[in-house]
Amino acid sequence: FVPLTGLLCLAGCISGISPTDHTFVLTEAPDMTRVSKQTMAEIMFEYFNAPAITIQSAGVLALYAQGIWTGVVVDCGNRTKITPVYEGTVIPHAVMQSCFGGMDVDNALTSMLVEKFGSTYSRDSSSLDMQRFKEQHAFVARDSDSAAGMGAGGGGGGGGAAADADLAVKHRMSSGTNLLFDRERFLCGEELFTASLPNGCKGLAQGVHWCVQKCESVLRKQLFGSILLCGGTTGMDGFPERLQHDTTALLQRRSVDRAASDVPKVNVIAPRNRKYTAWLGGASLAQMDDFGDRILVSADEYDERGAAAF
């Protein structure tokens with residue numbers, strides 16, 4: 001929690017805002033322990049003398065930002081978290097977390113470049129280079145067959161060299177070097193849809209399916225109908241369409257004995273500003289009429305009840 005303390009001190013110095021004059025909305029990961037919550041509360045109340053705070057799930061806040069109360073939040077940043085939420089409450093036994101995420105995509109991309117350019121490319125190049133490349137040029141193939149075709153040099157119906165030429169793009173690295181990328185543009189994103197996730201799942205679609213199946217059957221149609229993306233890694237072109245395609249195909253394969261009307265319809269929601277949806281959700285939450293009375297924990301209440309107040 002040292003970075004939290006330093007960040008808030010810096011923000012206060014820059015903005016001239018005193019923490020003692022404002023309430024705070026803080027986010028928590030699905031696996032955050034009671035001890036960690038208590039530590040965070042102690043910092044806010046005892047170090048910064050905040051009058052009141054609330055600690056909310058980042059997934060719930062992402063839904064709030066879209067005006068949605070029930071859905072599955074697929075948060076893919078440096079890590080991956082899939083969080084089913086019903087009426088603003090996380091369904092804890094159905095949450096999936098994985099250390100796999102954007103950092104692994106960056107590492108895979110780096111390995112591809114080392115293999116391609118050899119000694120002309122350094123593994124020590126800034127990770128910011130990889131992030132910028134993903135945001136500017138990376139995309140996700142519409143399905144695994146398309147990815148396999150492009151990976152074999154058959155994309156676009158042409159030969160291997162022609163296909164690579166269609167994909168080719170120059171990207172300027174922070175060192176000033178211009179590198180030519182082609183198949184790496186989609187191969188890096190393919191990692192997300194083939195990675196080994198917890199509970200024997202392979203790829204994000206199976207992860208989403210597992211999480212929803214862990215919820216009560218009466219909720220599943222509603223959950224599949226509101227799959228919300230957030231996190232910077234989901235911003236790659238084609239990501240929402242691929243997740244929708246793979247999840248729909250998986251449902252259809254596992255529902256061959258059911259009537260078509262009984263198979264849930266998959267709807268992936270991809271806000272333009274999904275890199276910041278949890279922050280936007282916190283802002284929306286703070287504007288609710290009952291924010292102060294129902295959601296906030298005051299310093300006095302924390303002194304009286306401790307971590308139980310949360």
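The shown structure was predicted, so the numbers you read here are calculated from the model rather than taken from an experiment.
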Connected via hydrophobic side-chain network under 4.5 Å: I227 and L219: yes

Closest contact, heavy atoms only, T27 versus M40: O-CE, 4.0 Å

Pair N107-T110, side-chain donor/acceptor within less than 3.5 Å: no

So that I know where these two stand, are F24 and F45 an aromatic pair - ring centroids less than 6.0 Å apart? no

Strictly distance-based, threshold 3.5 Å: is any side-chain N or O of N199 a donor or acceptor partner for the main-chain N or O of C201? no

Pair F193, R242 - check side-chain contact (heavy atoms from CB on, under 4.5 Å), show working. CA-CA 9 Å; F193 295 90; R242 176 63 177 276; 3.5 Å; yes

Taking a hydrophobic cluster as the set of Ile, Leu, Val, Met, Phe, Trp and Tyr residues connected by side-chain heavy atoms closer than 4.5 Å, whether directly or through intermediates, do Y276 and M236 fall within one such cluster? no

For atom CE of M103, decide whether the heavy atoms of other residues, nucleotides or ligands shown that lie under 6.0 angstrom number more than 12. no

When you measure from the side chain of T277 to the backbone of N273, do you find a donor-acceptor pair of N or O atoms at a distance under 3.5 Å? no

At what distance, to the nearest 0.5 angstrom, does CD of E191 lie from CE of M112? 5.5 Å

Are L63 and L61 linked, directly or through other ILVMFWY residues, by side chains that come within less than 4.5 angstrom of each other? yes

Indicate yes or no: at least one non-hydrogen side-chain atom of Q222 is less than 4.5 angstrom from one of P264. no

Step through the shown structure and confirm whether more than 12 heavy atoms of other residues, nucleotides or ligands are within 6.0 Å of CH2 on W210. yes

More than 12 foreign heavy atoms under 6.0 Å from NZ of K221: is that the case here? yes

Go through the steps to decide whether V114 and S111 satisfy the test side-chain contact (heavy atoms from CB on, under 4.5 Å), and finish with yes or no. CA-CA 5 Å; V114 170; S111 296; 5.7 Å; no

Residue pair L251, H209: steps toward the side-chain contact (heavy atoms from CB on, under 4.5 Å) verdict: CA-CA 8 Å; L251 270 175; H209 185 272; 3.9 Å; yes

Could you tell me whether the side chain of S196 and the main chain of K202 form a donor-acceptor pair under 3.5 Å? no

Do P240 and R274 come within less than 4.5 Å of each other through their side chains, counting heavy atoms only? yes

For the pair R132 (side chain) and D129 (backbone), establish whether a donor and an acceptor sit closer than 3.5 Å, ignoring hydrogens and angles. no

Is the closest side-chain heavy-atom distance between E184 and H171 below 4.5 Å? no

Please answer: with hydrophobic residues joined when any side-chain heavy atoms are less than 4.5 Å apart, are L26 and F291 in the same cluster? no

Heavy-atom side-chain proximity of E42 to Y47 below 4.5 angstrom: no

Enter the distance from R185:CZ to L109:CG here, rounded to the nearest 0.5 Å. 12.0 Å

Is there a donor-acceptor pair closer than 3.5 Å between any side-chain N or O of D246 and the backbone N or O of L243? no

Is the Y64 ring parallel, tilted or perpendicular to the W69 ring (thresholds 30°, 60°)? perpendicular

For a quick test of reading the model, state the closest non-hydrogen atom pair linking S98 to P198 and the distance between them. CB-CD, 3.8 Å

Verify the cluster assignment for V25 and M288: are they in a single hydrophobic cluster under the rule of side-chain heavy atoms below 4.5 Å apart? yes

Indicate the atoms forming the closest heavy-atom contact of S226 with I269, along with that distance. CA-CD1, 4.1 Å

Between M173 and F133, is a side-chain contact (heavy atoms from CB on, under 4.5 Å) present by the stated rule, with each step listed? CA-CA 9 Å; M173 309 296 281; F133 172 79; over 6 Å; no

Can you tell me if CZ on R220 sees more than 12 non-hydrogen neighbours from other groups inside 6.0 Å? yes

Whether the side chain of E301 engages the backbone of V297 through a donor-acceptor N/O pair (distance < 3.5 Å, no angle test) should be reported. no

Using a cut-off of 6.0 Å, state whether more than 12 heavy atoms not belonging to D31 lie near its atom CG. yes

Please find the pair of heavy atoms, one from I82 and one from C211, that lie closest to each other, and give the distance. CG2-SG, 3.6 Å

Can you give me the closest heavy-atom contact between L204 and V74, atom names plus distance? CD2-CG1, 4.5 Å

May I ask you to say whether D106 pairs ionically with K134, meaning some side-chain N is under 4.0 Å from a carboxylate O? yes

Pairwise side-chain contact, C76 with L192, heavy-atom cut-off 4.5 Å (strictly under): yes

Value rounded to 0.5 Å, distance of CG in L228 from CG in N267: 10.0 Å

For the backbone of V268 and the side chain of Q244, can you confirm whether one donor and one acceptor N or O come within less than 3.5 Å of each other? yes

Using atom types as modelled, flag every donor-acceptor pair under 3.5 Å from a side chain in residues 83-95 to any protein atom, sequence neighbours excluded.
unit_1	atom_1	unit_2	atom_2	d
H93	NE2	K214	O	3.0

CG on N78 to CD on Q131, rounded to 0.5 Å: 7.0 Å

What one should report as the nearest heavy-atom pair of T20 and F48 is CG2-O, 3.5 Å

Side chains of E241 and R142 in contact at under 4.5 Å (non-hydrogen atoms): no

Within the supplied structure, the quantity of interest is the number of heavy atoms (other residues, nucleotides, ligands) at a distance under 6.0 Å from E115 CD; does it exceed 12? no

Quick check for you: to the nearest 0.5 Å, what is the distance between M96 atom CE and K81 atom NZ? 13.5 Å

Could K116 and D182 be called an ion pair, given the rule that one side-chain N must be under 4.0 Å from one carboxylate O? yes

Are F139 and F239 packed together at the side-chain level, in the sense that at least one heavy-atom pair is separated by less than 4.5 angstrom? no

Please report the interatomic distance CD(Q38) to OH(Y302), rounded to the nearest 0.5 Å. 4.5 Å

